[in-house]
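Report on the structure given below.
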Amino acid sequence: MRWLCQDRRVECAAMNNWIAPSILAADFAYLGDEVRNVLNAGADIIHFDVMDNHYVPNLSIGPLVLESLRKHIDAIWDVHLMVKPVDRLIGDFLDAGASYISVHPESTEHLHRTLAMIAEGGAKPGIVFNPATPLTVLPEVLELVDLVLIMSVNPGFGGQSFIPTSLAKLRQARALIDASGRDIRLQIDGGIKTDNIALAAEAGADTFVAGSAIFGSDDYEATINDMRAALS
Ligand code: DX5
Ligand code: ZN
């Protein structure tokens, strides 16, 4: 099937879009229910934002929370690590059951080693680019990653406004991914709403993180359906 998708990328990507609610915006008093509700509403994967009040100026959740959720809920767990130094937490997230683990190049001294550590541990490695970080290192590690995440806000908080320059970066990343011939997800994270998700898709994204747009809405299923309709 993969050659088909390479030849007909636009059609395949349209069939293959993933909506990834960020549980940072969920009601933490009912976190398990919130995760079940977005999955029942049609979410494809669960985005799990980890913040340490050092790499980013906010504190969120860690591996214990993932381990607890994973025991009760079957899902693809998409862990976005905003922590520095990152290496010493990788093992904990592997043990907790992360499916994807994405890291920022600035959070490790040896990016190649960190990504290899994630893959060797059985998870899919991802690399994350902040709004002011160029894609310079991406070609060096494309062979190692299963996901490229373009930040469309500065990391640390939900509910921020989408930064439009991220669209050009998505296009650059899409070109590099396509040239590699590898099956790599291209994710966008920050300020994604029903009214701008199509712009990100047109620029090459196939995986869409949305926190406040989904968890801040009254009807998760309607919001996810609206997002899919905007993508079709
Ligand atoms: C920001 C996080 C995002 C954020 C998305 O540091 O990585 O995942 O929670 O939230 P919204 O969709 O509200 O911008
Ligand atoms: Zn995130």
Side-chain angles (χ1 to χ4, degrees), residues 17-28 31 34-35 38 41 43-63 65-66 69 75-84 86 89 93 98-107 118 123-133 145-167 169-170 173 185-201 205-218 220 223-224 226-227 230-231:
N17 288 316
W18 285 0
I19 306 288
S22 163
I23 58 173
L24 189 65
D27 183 339
F28 276 69
L31 191 52
E34 289 274 70
V35 171
V38 285
D44 298 288
I45 62 173
I46 299 296
H47 189 75
F48 192 100
D49 284 310
V50 182
M51 302 173 174
D52 67 346
N53 192 38
H54 175 70
Y55 179 65
V56 293
N58 200 358
L59 194 60
S60 64
I61 45 180
V65 177
L66 177 60
L69 289 170
I76 297 173
W77 300 100
D78 170 35
V79 174
H80 174 193
L81 292 182
M82 290 162 275
V83 302
K84 184 177 179 178
V86 71
L89 279 173
F93 279 99
S99 315
Y100 287 83
I101 299 179
S102 298
V103 302
H104 291 246
E106 301 89 344
S107 68
I118 295 167
K124 292 178 183 290
I127 182 169
V128 193
F129 294 93
N130 287 332
T133 305
V145 297
D146 292 299
L147 183 146
V148 174
L149 166 50
I150 304 298
M151 291 303 300
S152 39
V153 297
N154 287 297
F157 302 95
Q160 302 181 81
S161 297
F162 183 86
I163 297 173
T165 50
S166 58
L167 294 173
K169 201 180 288 178
L170 274 177
R185 306 292 311 184
L186 180 52
Q187 187 173 59
I188 185 84
D189 182 5
I192 290 294
K193 315 278 177 205
T194 303
D195 63 8
N196 62 11
I197 195 168
L199 289 176
D206 57 23
T207 307
F208 306 86
V209 176
S212 49
I214 293 174
F215 285 105
S217 73
D218 293 334
Y220 300 165
T223 304
I224 291 173
D226 286 349
M227 288 180 167
L231 291 171

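The first residue of the sequence shown is numbered 1, and numbering continues consecutively from there. Remember, it's 1-based here, ligands and their atoms both numbered in the order they're listed.
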- Which atom, counting only N, O or S, brings H80 closest to the Zn ion (ligand 2)? ND1

- By atom name, which N, O or S atom of D189 is the nearest to the Zn ion (ligand 2)? OD2

Identify, for [atom], the protein heavy atom at the shortest distance, and state residue, atom and that distance.
atom                    : result
atom 3 (C) of ligand 1  : D189 OD1, 2.9 Å
atom 1 (C) of ligand 1  : F157 O, 3.5 Å
atom 10 (O) of ligand 1 : G158 CA, 3.6 Å
atom 12 (O) of ligand 1 : G211 N, 2.8 Å
atom 6 (O) of ligand 1  : G156 N, 2.8 Å
atom 14 (O) of ligand 1 : G191 N, 2.8 Å

[X]: numbered ligand 1 atoms lying under 4.0 Å from its heavy atoms:
X    : answer
L24  : 9 (O)
G159 : 11 (P), 13 (O), 14 (O)
P155 : 6 (O)
M82  : 6 (O), 7 (O)
H47  : 8 (O)
M51  : 6 (O)
G190 : 14 (O)
M151 : 7 (O)

- What's the NE2-the Zn ion (ligand 2)-OD1 angle here (H47, D49), rounded to 10 degrees? 90°

Is the shortest distance from a heavy atom of [X] to ligand 1 less than 4.0 Å?
X    : result
A25  : no
K193 : no
A210 : yes

Grab the two heavy atoms, one from [X] and one from [Y], that are nearest each other, plus how far apart they are.
X    : Y    : result
G62  : F93  : C-CZ, 3.8 Å
D44  : I19  : OD2-N, 2.7 Å
T223 : S217 : OG1-OG, 2.8 Å
K169 : P131 : NZ-O, 3.1 Å
A230 : I197 : CB-CG2, 3.7 Å

- Heavy-atom contacts under 4.0 Å between S212 and ligand 1: side chain, backbone, both, or neither? both

- Query: So which of I61, I46, I23 actually passes side chain to side chain contact (heavy atoms under 4.5 Å, CB included) with L69?
  - Reply: I23

- Item | D189, V103, V50 screened by side chain to side chain contact (heavy atoms under 4.5 Å, CB included) with H80, the one that passes | D189

Is any side-chain heavy atom of [X] closer than 4.5 Å to a side-chain heavy atom of [Y]?
X    : Y    : value
T194 : M227 : yes
I127 : P105 : yes
I150 : L186 : yes

- Distance-only side-chain donor-acceptor flag, S212 / K193, under 3.5 Å: yes

- Query: What's the verdict on side-chain contact (heavy atoms from CB on, under 4.5 Å) for Q187 and I45, showing C-alpha distance, side-chain angles and the deciding distance?
  - Reply: CA-CA 12 Å; Q187 187 173 59; I45 62 173; 4.2 Å; yes

- Between K84 and D52, is there a side-chain N and carboxylate O pair less than 4.0 Å apart? no

- Is there at least one pair of N or O atoms, one from H80 and one from ligand 1, spaced under 3.5 Å apart? yes

